There are 2 protein chains.
Amino acid sequence: MNKREAMVLLKNKGYKHTDKREDILDLFDRKNGYLSAKDIQSELKGDYPGISFDTIYRNLSLFQDLMILEETELDGEKIYQFHCTEHHHHHLICLRCGKTRTIDVCPMQDLSQIDPEFQVTGHKFEIYGYCKSCRDKMAKEKFEGGIHDSITVSPST
Amino acid sequence: MNKREAMVLLKNKGYKHTDKREDILDLFDRKNGYLSAKDIQSELKGDYPGISFDTIYRNLSLFQDLMILEETELDGEKIYQFHCTEHHHHHLICLRCGKTRTIDVCPMQDLSQIDPEFQVTGHKFEIYGYCKSCRDKMAKEKFEGGIHDSITVSPST
DNA sequence: ATACATGCAAACAATTTGCATATTA
DNA sequence: TAATATGCAAATTGTTTGCATGTAT
């Protein structure tokens with residue numbers, strides 16, 4: 001799912017086009033990863049200083065009902081990203097920027113008979129860590145912080 | 001970890017013995033699975049009609065700090081069970097009674113090189129469903145019209 | 001014009017905290 | 001008694017809802 005498809009779906013279902021709605025979807029399009037309500041609010045408050053969380057939550061909830069977005073939870077916060085309809089999969093999730101990378105491996109495939117007594121109805125498998133780009137940034141931050149903390153100073157870029 | 005070990009640990013660390021504390025640990029001992037703050041409150045309000053959530057939360061948090069309990073999240077609720085120190089593992093979690101069963105399979109073992117650029121720091125793998133006992137009960141309730149509704153911790157000896 | 005979308009404020013639920021009191025060692 | 005545990009009430013955080021208004025079709 002992406003913004004364009006989502007906009008078409010909304011239109012077909014009779015939902016109205018609004019700038020905020022489009023901009024929320026646009027954020028997801030550009031992000032390619034998870035966003036929380038708070039993320040969205042802080043991204044959009046530039047263009048819409050008065051944007052309210054109700055609107056964001058209502059749209060996230062609508063998008064989820066329409067299978068535009070899928071939800072998961074991280075640290076007690078609900079986070080969303082575009083729903084992937086094609087096939088079952090899991091994600092690497094960057095804890096710093098929220099970007100995700102799909103992995104096609106599913107651990108359930110190998111677990112046919114863990115416990116025949118237990119009726120499996122669902123599972124959650126997520127891998128957390130830091131993407132290359134964030135690691136680079138973190139390394140740089142550390143470097144710059146180190147310079148400020150130490151007495152000897154060499155120019156930073 | 002179990003109640004007895006936990007009590008010893010608490011004593012050694014200088015924490016005081018209280019009935020509530022003991023009874024909370026006792027619940028976990030008898031439960032062998034996950035409990036939420038709400039579960040604990042509803043189990044203990046018989047003996048302690050005025051038991052407050054602050055006490056429960058404070059104790060859960062203490063137990064977690066002391067590695068007596070481990071925490072996970074289900075449906076936006078924090079749930080706890082005894083911490084298992086021996087080895088890394090995952091759980092089957094019954095969505096009805098909260099009981100868990102440890103499984104030794106870890107999907108990460110097979111995923112050495114999913115993405116060399118991504119630095120993995122953690123993962124979550126949980127399997128949800130219904131245990132044998134709950135499936136039996138649910139089948140029975142279907143007949144009887146289902147008035148039974150308890151967290152099923154049998155009386156202590 | 002009408003149905004849907006939004007903002008406001010208030011309600012919620014889960015969890016946390018300050019402070020006075022009660023309890024354990 | 002001295003340190004810790006608890007209860008109360010109030011604060012916090014994330015999320016939801018009722019209602020009046022605003023806006024897209």
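Bear in mind the structure is a predicted one, so any value in this text is a computation, not a measurement. Chain letters run A, B, ... following the sequence lines, proteins first, then strands; residues in each count from 1.
- For B:Leu74 and C:dA14, the CG to P distance is 13 Å, given to the nearest whole Å.
- A:Ile56 has its CD1 atom 12 Å from the P atom of C:dC8, to the nearest Å.
- The interatomic distance linking A:Lys11 (NZ) with C:dA3 (C1') rounds to 16 Å, in whole Å.
- The side chain of A:Lys16 lies closest to D:dT23 when the candidates are D:dA2, C:dT16, D:dT23.
- Of the side-chain N and O atoms in B:Thr18, none sit less than 4.0 angstrom from OP1 or OP2 of C:dT23.
- When side chains are defined from C-beta on, A:Lys137 counts as touching A:Arg96, because their heavy atoms get closer than 4.5 Å.
- Here D:dT16 presents its P atom at 11 Å from CZ of A:Arg58, a figure rounded to the nearest Å.
- In this structure, A:His123 and A:Cys106 have side chains that are in contact, with non-hydrogen atoms separated by less than 4.5 Å.
- Per the geometry, OH belonging to A:Tyr57 stands 16 Å off P belonging to C:dA13, to the nearest Å.
- Note: NE2 (B:His17) to C1' (D:dA3) measures 17 Å, nearest angstrom.
- The side chain of A:Glu77 approaches D:dT15 more closely than any other nucleotide in the set D:dT15, D:dA5, D:dA9.
- A continuous path of Ile, Leu, Val, Met, Phe, Trp and Tyr side chains, each step under 4.5 Å between heavy atoms, connects B:Ile114 with B:Val105, placing both in one hydrophobic cluster.
- Checking C:dC8, D:dA5, C:dC19 against the side-chain heavy atoms of B:Tyr15 singles out D:dA5 as nearest.
- Contact of the A:His90 side chain with the A:Glu126 side chain is not registered, since no non-hydrogen atoms from C-beta on lie closer than 4.5 Å.
- Mapped onto DNA chain C by nearest heavy atom, B:Asp54 and A:Thr55 fall at different nucleotides, with A:Thr55 at the one closer to the 5' end.
- Taking every heavy atom of both residues into account, B:Tyr80 and B:Glu71 meet most closely at OH-OE1, 3.4 Å.
- Looking at the side chain of B:Lys20, the nearest of the listed nucleotides D:dA3, D:dG7, C:dA5 is D:dG7.
- Taking atom CD1 of residue A:Ile79 and atom C1' of nucleotide D:dT13, one finds them 17 Å apart after rounding to whole Å.
- Within 4.0 Å (heavy atoms only), B:Arg21 reaches sugar-phosphate atoms of the nucleic acid but no base atom.
- Between B:Asn59 atom CG and C:dT23 atom C1' there is a gap of 14 Å when expressed in whole angstrom units.
- Distance from the side chain of B:Lys78 is smallest to C:dT15 among C:dC19, C:dT15, C:dT6.
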